[in-house]
Amino acid sequence: MAEESSRPPLFVLSDAIHPEAMAWLSRIGIVKVLDDLAPKDHPVVLAEADALIVRRPSFQVTRELISTCPRLRVIGRHGAGVDNVDLQAATEAGIPVTYTPSAPTDSVAELTIGLIVAVARRIVGAHQAVCMGIWHREQFMGMELAGKVLGIIGFGSIGRAVARIAQAMGMRIVAYDPYVSRWPEGVQPVSLRGLLERADVVTIHAPLTSETKGLLGRSELAVMKPGAILVNTARGEIVDEEALAEALREGRLGGAGIDVFSREPIPREHPLLHAPNVVLTPHIGAMTEEAQRRMAMTVVEDVLRVLSGERPSYLANPEVLR
Ligand code: NAD
């Protein structure tokens, strides 16, 4: 028994994280990466895990999975969204769930601006045409962003970072966030409908919750300005993807930039694949060297804090430590 409790901690990772953070974990305990193991071995490894670190947003930490990890003392989510972790089940099991809320902010904000510009200026289509030897400038008439209205849904870390960059580009900002009471200068708070009716570009930065699931359905997309652009780097399930593809095909919307999907990887028959003027990216908002390192080091630091009985810096289920 004494030998059992004094064994080094076992860190189980859904997939590998930044090498510096992997090296840190290896100095302290045993590291096992589920992606490197056969699926039949996962239950055995999870049953012995002291800490579970989840990098992939598609890796679901369900109530059932938690119940198969009797030794688990902490779950670390390498990312800002915790919608793939059953927080209620973790709390009931007395397991703190840490996450890395500010680590990917600038990278996601920069990708968001990149998607807005790419769609507004049809950069991807223009690039493809040039590569095919086609030089048709008239086909790539775009929309200038300076002076246009950017509607931000969810005005937290990423929403605010996007607002700052967009303001520097001369865009006017309206935002919808029912949980924000203090607004920075130059940002006009509006209702969701008011935002959709006014914005030339709508960008989503709210978390996926039972309230935001399907927030932009068919009827919400229908009140967007004709020719408006929709960008989603938050979570796919916030938008009705079928209705969005239809609005694009019918020319009601001008384009879309989408980094996140209700199913990832997307199925080959996904409706947005065949929609006009879309830029689709494979959930790369936080895929920069800088963000990956920050997220990895933050998650490891907090996981180690919990294992040594300290309070983590970023706790997604604070009620567990009350
Ligand atoms: P945050 O918690 O700082 O901000 C989220 C904001 O959304 C908060 O201000 C909150 O009040 C608001 N909100 C909550 N419910 C809302 C609702 N019903 N309507 C409108 N606003 C609502 O989070 P963040 O760091 O800005 O990240 C936002 C989301 O971005 C994350 O939850 C995550 O899903 C996503 N994300 C994606 C990537 C990526 O790789 N594409 C990377 C990181 C984060």
Side-chain angles (χ1 to χ4, degrees), residues 15 17 54-60 77-85 87 97-116 151-166 173-184 187 189-196 199 202-217 220 230-239 256-262 264-266 279-296 298-299 313-318:
D15 36 345
I17 61 175
V54 181
R55 176 169 177 224
R56 244 195 339 268
S58 58
F59 186 98
Q60 297 293 324
R77 165 74 180 115
H78 178 290
V82 284
D83 48 278
N84 58 330
V85 180
L87 290 180
V97 179
T98 77
Y99 68 131
T100 62
S102 56
T105 299
D106 288 330
S107 289
V108 183
E110 289 170 11
L111 180 78
T112 303
I113 295 292
L115 288 173
I116 293 172
I152 301 180
I153 299 175
F155 205 67
S157 307
I158 300 171
R160 282 164 202 264
V162 168
R164 284 192 295 272
I165 308 173
I173 314 291
V174 298
Y176 166 69
D177 190 323
Y179 303 103
V180 168
S181 48
R182 289 164 63 98
W183 296 87
V187 176
V190 288
S191 65
L192 179 60
R193 193 181 170 99
L195 181 147
L196 296 171
V202 172
T203 183
I204 306 173
H205 302 291
L208 175 63
T209 62
S210 53
E211 211 179 75
T212 61
K213 192 169 181 181
L215 188 70
L216 291 200
E220 287 75 22
L230 177 69
V231 169
N232 186 8
T233 59
R235 283 294 181 267
E237 284 146 292
I238 297 173
V239 178
I258 309 289
D259 185 47
V260 286
F261 301 86
S262 56
E264 296 178 4
I266 58 170
V279 177
L280 310 180
T281 49
H283 204 142
I284 57 168
M287 293 303 286
T288 63
E289 166 68 22
E290 293 81 358
Q292 289 296 312
R293 186 181 175 283
R294 268 195 305 271
M295 288 193 288
T298 305
V299 77
S313 301
Y314 304 103
L315 187 56
N317 57 344

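Remember, it's 1-based here, ligands and their atoms both numbered in the order they're listed.
Looking at atom 28 (C) of ligand 1, its nearest protein heavy atom turns out to be His205 O, 3.3 Å. Shortest contact from atom 7 (O) of ligand 1 to any protein heavy atom: Pro207 CD, 3.2 Å. Nearest protein heavy-atom contact of atom 17 (C) of ligand 1 is Thr212 CG2, 3.6 Å. In terms of protein heavy-atom proximity, atom 40 (O) of ligand 1 is nearest to His283 CD2, 3.1 Å. The protein non-hydrogen atom at the shortest distance from atom 37 (C) of ligand 1 is Thr233 O, 3.1 Å. Closest to atom 20 (C) of ligand 1 among all protein heavy atoms lies Pro178 CD, 3.4 Å. Scanning the protein for heavy atoms near atom 4 (O) of ligand 1, the closest one is Gly156 CA, 3.2 Å.
Counting only heavy atoms from C-beta outward, the side chains of Arg55 and Met295 never approach each other to under 4.5 Å. The shortest side-chain heavy-atom distance between Met287 and Pro104 does not fall under the 4.5 Å cut-off. Annotation: side chain of Asn84 is not in contact with side chain of Arg56 (no heavy-atom distance under 4.5 Å). Looking at heavy atoms from C-beta onward, Arg235 lies in side-chain contact with His283 at the 4.5 angstrom threshold. Counting heavy atoms from C-beta outward, Thr98 and Tyr314 have side chains that stay 4.5 Å or more apart. Taking 4.5 Å as the limit, some side-chain heavy atom of Leu280 sits within range of a side-chain heavy atom of Phe261.
Residue contact check: Ala286 has heavy atoms under 4.0 Å from atoms 40 (O) of ligand 1. Annotation for ligand 1: atoms under 4.0 Å from non-hydrogen atoms of Asp259 are 39 (C), 40 (O), 41 (N).
In Val108, the part holding a heavy atom less than 4.0 Å from any atom of ligand 1 is the side chain. At a heavy-atom cutoff of 4.0 Å, ligand 1 is contacted by the backbone of Pro101 but not by its side chain.
Each of Val231, Asn232, Ile284 was scored for a side chain to side chain contact (heavy atoms under 4.5 Å, CB included) with Asp259, with one residue passing: Ile284. Considering Thr281, Thr112, Thr203 as possible partners of Thr233, the one that fulfils the side-chain hydrogen bond (donor to acceptor under 3.5 Å, both in side chains) test is Thr112.
Remark: ligand 1 and Thr209 share no N or O pair separated by less than 3.5 Å (distance only, no angle test). Looking at Tyr179 next to ligand 1, no N or O pair under 3.5 Å apart turns up.
Shown here, atom 23 (O) of ligand 1 is out of close reach of the protein: none of its heavy atoms lies under 4.0 Å off. Put simply, atom 2 (O) of ligand 1 has no protein non-hydrogen atoms near it, under 4.0 Å away.
Heavy-atom proximity to atom 10 (C) of ligand 1, evaluated over Ile158, Asp177, Ile153, Leu192, is greatest for Asp177. Between the choices Glu211, Lys213, Met295, Arg235, the shortest heavy-atom distance to atom 18 (N) of ligand 1 belongs to Glu211. Comparing heavy-atom distances from atom 29 (C) of ligand 1 across Gly154, Ala206, Gly236 singles out Ala206 as nearest.
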Q: Evaluate the side chain to side chain donor-acceptor pair (under 3.5 Å) criterion for residues Thr298 and Thr100: first the C-alpha distance (whole Å), next the side-chain angles of each, then the deciding distance (0.1 Å), finally the verdict.
A: CA-CA 6 Å; Thr298 305; Thr100 62; over 6 Å; no
Q: Evaluate the side-chain contact (heavy atoms from CB on, under 4.5 Å) criterion for residues Arg160 and His205: first the C-alpha distance (whole Å), next the side-chain angles of each, then the deciding distance (0.1 Å), finally the verdict.
A: CA-CA 9 Å; Arg160 282 164 202 264; His205 302 291; over 6 Å; no
Distance-only donor-acceptor hits, side chain of residues 206-217, under 3.5 Å, sequence neighbours excluded:
residue : atom : partner : partner atom : Å
Thr209  : OG1  : Glu211  : N            : 3.2
Thr209  : OG1  : Thr212  : N            : 3.2
Thr209  : OG1  : Thr212  : OG1          : 3.4
Glu211  : OE1  : Tyr179  : OH           : 2.9
Glu211  : OE2  : Tyr179  : OH           : 2.7
Thr212  : OG1  : Pro207  : O            : 2.6
Thr212  : OG1  : Thr209  : N            : 2.8
Thr212  : OG1  : Thr209  : O            : 3.4

